[in-house]
Asks: 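Pasting in a structure now, in structure tokens, and then I'll have a few things to ask.
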2 protein chains.
Amino acid sequence: MQAREDGAGQAARSKRADARRNEETLLDAAAAVFVASGVEAPVRDIAAEAGVGVGTIYRHFPTRADLIVAVYRHQVEACAEAGPALLASSATPYAALGQWVDQFVDFLVTKHGLAAVLQPENTGFDTLHAYFLDRLVPVCTQLLDAAAASGEIRPGLDAYELMRGVGNLCIGADSDPRYNARHLVELLIAGLRRPD
Amino acid sequence: MQAREDGAGQAARSKRADARRNEETLLDAAAAVFVASGVEAPVRDIAAEAGVGVGTIYRHFPTRADLIVAVYRHQVEACAEAGPALLASSATPYAALGQWVDQFVDFLVTKHGLAAVLQPENTGFDTLHAYFLDRLVPVCTQLLDAAAASGEIRPGLDAYELMRGVGNLCIGADSDPRYNARHLVELLIAGLRRPD
DNA sequence: TAGGCAACCGGAACCTCGCTCCGGAAAGCG
DNA sequence: CGCTTTCCGGAGCGAGGTTCCGGTTGCCTA
């Protein structure tokens with residue numbers, strides 16, 4: 001949305017070469033550190049991994065949320081685009097909803113600590129929260145509406161609420177073999193079903 | 001379990017009077033600060049509220065978890081004891097389970113930030129996590145077993161998993177009018193129902 | 001009642017971490 | 001080649017958790 005292409009095609013001259021290089025380096029370093037230590041790893045660690053000063057991080061990504069969004073943007077987009085695709089390819093809207101939620105859970109569970117940081121109360125992460133919501137709530141709404149229209153689920157559940165519920169259930173899903181977030185999410189989706 | 005009565009009746013002489021007084025004061029102060037600022041309020045705030053030094057807090061409650069447990073012990077006990085009672089007084093085990101979970105949700109939702117801190121990954125809060133689990137998982141197991149035996153729910157859900165799921169759903173339930181944890185927990189419990 | 005010894009108290013000090021700020025370096029341009 | 005603009009690095013500040021030790025005070029004994 002703002003990074004290395006400035007609206008037009010190739011390279012806007014608004015950024016110096018070293019700056020662009022550093023941004024790239026930072027993204028890679030952050031991704032590596034996130035995998036190793038979770039998304040709440042100390043800023044200094046990321047700076048060290050990238051071989052730059054902390055100032056450089058804050059210049060390119062004013063808040064940690066910006067950095068996280070930049071690192072995971074591709075995957076979130078993929079998830080958003082999967083919604084309509086599943087709706088088109090699945091037997092029923094309810095099945096599509098189930099698969100889509102599954103995919104979202106997969107994403108969250110494999111990103112150490114991401115789900116925990118998605119909470120709105122987590123001050124300083126509003127950008128992150130907003131991005132996820134903006135991008136995914138409409139998709140979820142579409143799926144929910146379709147499933148409601150087909151009569152498979154009882155209506156009245158807000159997409160926002162569902163997304164937050166699923167996100168919450170994914171917190172701490174790694175690092176605890178006794179806890180299976182996927183299982184509980186399945187139960188939640190099952191509970192949506194029209195009792196008929 | 002260790003505090004002011006040492007197994008027997010009144011006052012074990014193992015503690016000096018001022019120490020006992022301070023412990024009491026701290027409990028009150030902590031409760032007040034927890035209500036005002038959540039369970040993650042700065043230690044110094046609690047010390048100030050109690051009018052003691054921070055050292056005194058750490059002496060009586062080595063970890064924050066110990067303090068939280070001490071503050072909420074009564075209510076957790078009440079919740080644990082409500083399990084069998086509900087089982088005896090409700091129409092069906094499933095109804096008892098629903099009511100019990102409701103009560104637990106009420107408890108969590110009204111304690112600002114408690115649910116968030118119940119995560120096992122939250123290092124330094126292991127004591128808290130362990131206490132809740134030790135006390136409540138057996139109760140939950142009993143309810144779950146009864147409901148499974150009566151054929152109302154499909155078996156196979158671990159009480160630990162359910163407890164964590166409910167706990168997770170309660171995270172951030174205050175401070176966000178768009179999110180209704182109770183609603184989602186209901187859905188989860190509904191999903192437990194035998195599809196028949 | 002006075003003396004002495006633990007137990008206990010308070011808060012200064014230290015550490016980690018997020019974030020800011022500015023002197024210096026380097027890129028791009030004429 | 002030198003000037004201007006942009007960018008870089010990391011020292012430094014504030015906030016919060018935790019430790020540690022000199023001074024204080026309850027409590028027991030003589």
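Throughout, a chain's letter reflects where its sequence line sits, starting with A, and its residues are numbered from 1.
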Asks: Give the other cluster members for A/I171, using side-chain heavy-atom distances under 4.5 Å between Ile, Leu, Val, Met, Phe, Trp and Tyr residues; answer none if it is isolated.
Replies: B/I171
Asks: What residues form a side chain to side chain contact (heavy atoms under 4.5 Å, CB included) with A/R21, not counting sequence neighbours?
Replies: A/A17, A/D18
Asks: For C/dG18, does OP1 or OP2 lie under 4.0 Å from any side-chain N or O of A/R44?
Replies: no
Asks: Please report the distance, rounded to the nearest Å, between CG in A/L26 and C1' in D/dC8.
Replies: 11 Å
Asks: Mind checking what makes side chain to side chain contact (heavy atoms under 4.5 Å, CB included) contact with B/Q75, not counting sequence neighbours?
Replies: B/Y72, B/F107, B/K111
Asks: With axes from five pairs an end, tell me the bend angle of the helix from C/dT1-D/dA30 to C/dG30-D/dC1, nearest 10°.
Replies: 10°
Asks: I need the full list of salt bridge (Lys or Arg N to Asp or Glu O under 4.0 Å) pairs touching residues 53-69 of chain B, with sequence neighbours left out, sorted by first then second residue.
Replies: none
Asks: According to the salt bridge (Lys or Arg N to Asp or Glu O under 4.0 Å) rule, which pairs have a member within residues 171-181 of chain A, sequence neighbours left out?
Replies: A/D176-B/R164
Asks: Output the rounded distance in Å from CZ (A/R21) to C1' (D/dC8).
Replies: 12 Å
Asks: Please determine, for the side chain of A/R59, which listed nucleotide (D/dG17, C/dT20, D/dG9) has the closest atom?
Replies: D/dG9
Asks: Whole angstroms only, please: what is the CD1-P distance between A/I57 and C/dC21?
Replies: 18 Å
Asks: Is there a residue in residues 45-55 of chain B whose heavy atoms reach under 4.0 Å of DNA chain C, and which residues are they?
Replies: B/G51, B/V52, B/G53, B/V54, B/G55
Asks: Residues in side chain to side chain contact (heavy atoms under 4.5 Å, CB included) with A/S90, at least two apart?
Replies: A/L86, A/A95, A/A96, A/Q99
Asks: Enumerate the salt bridge (Lys or Arg N to Asp or Glu O under 4.0 Å) contacts for residues 128-138 of chain A, please, sequence neighbours excluded, ordered by first and then second residue.
Replies: A/E77-A/R135
Asks: Between P on D/dT25 and CG on B/N22, what's the gap in Å once rounded to a whole number?
Replies: 13 Å
Asks: Please determine, for the side chain of B/A17, which listed nucleotide (C/dC9, D/dG26, C/dC17) has the closest atom?
Replies: D/dG26
Asks: Going from CZ on A/F132 to CG on A/L128, what distance comes out if it is rounded to the nearest 0.5 angstrom?
Replies: 5.5 Å
Asks: Measure the distance from CG on A/D18 to C1' on C/dA27 and round it to the nearest whole Å.
Replies: 6 Å
Asks: Rounded to whole Å, please give me the gap between CD in A/E24 and C1' in D/dC7.
Replies: 17 Å
Asks: Does a side-chain N or O of B/H60 approach OP1 or OP2 of C/dC8 to a distance below 4.0 Å, or not?
Replies: no
Asks: Scan residues 180-189 of chain A for pairs that pass salt bridge (Lys or Arg N to Asp or Glu O under 4.0 Å), counting only residues two or more places apart or in two chains.
Replies: A/D106-A/R182
Asks: Taking only distance into account, with no hydrogens and no angle test, what donor-acceptor pairs under 3.5 Å do side-chain atoms of residues 142-159 of chain B form with protein atoms, sequence neighbours excluded?
Replies:
unit_1, atom_1, unit_2, atom_2, d
B/S150, OG, B/A147, O, 3.1
B/S150, OG, B/E152, OE1, 2.8
B/E152, OE1, B/Y94, N, 2.9
B/E152, OE2, B/T92, OG1, 2.8
B/R154, NH2, B/G191, O, 2.9

Asks: Which atoms of nucleotides 22-24 of chain D (N or O only) lie under 3.5 Å from a protein N or O atom, and what are those distances?
Replies:
none

Asks: Taking atom C1' of C/dC14 as reference, at what distance in whole Å does atom OH of B/Y58 sit?
Replies: 13 Å
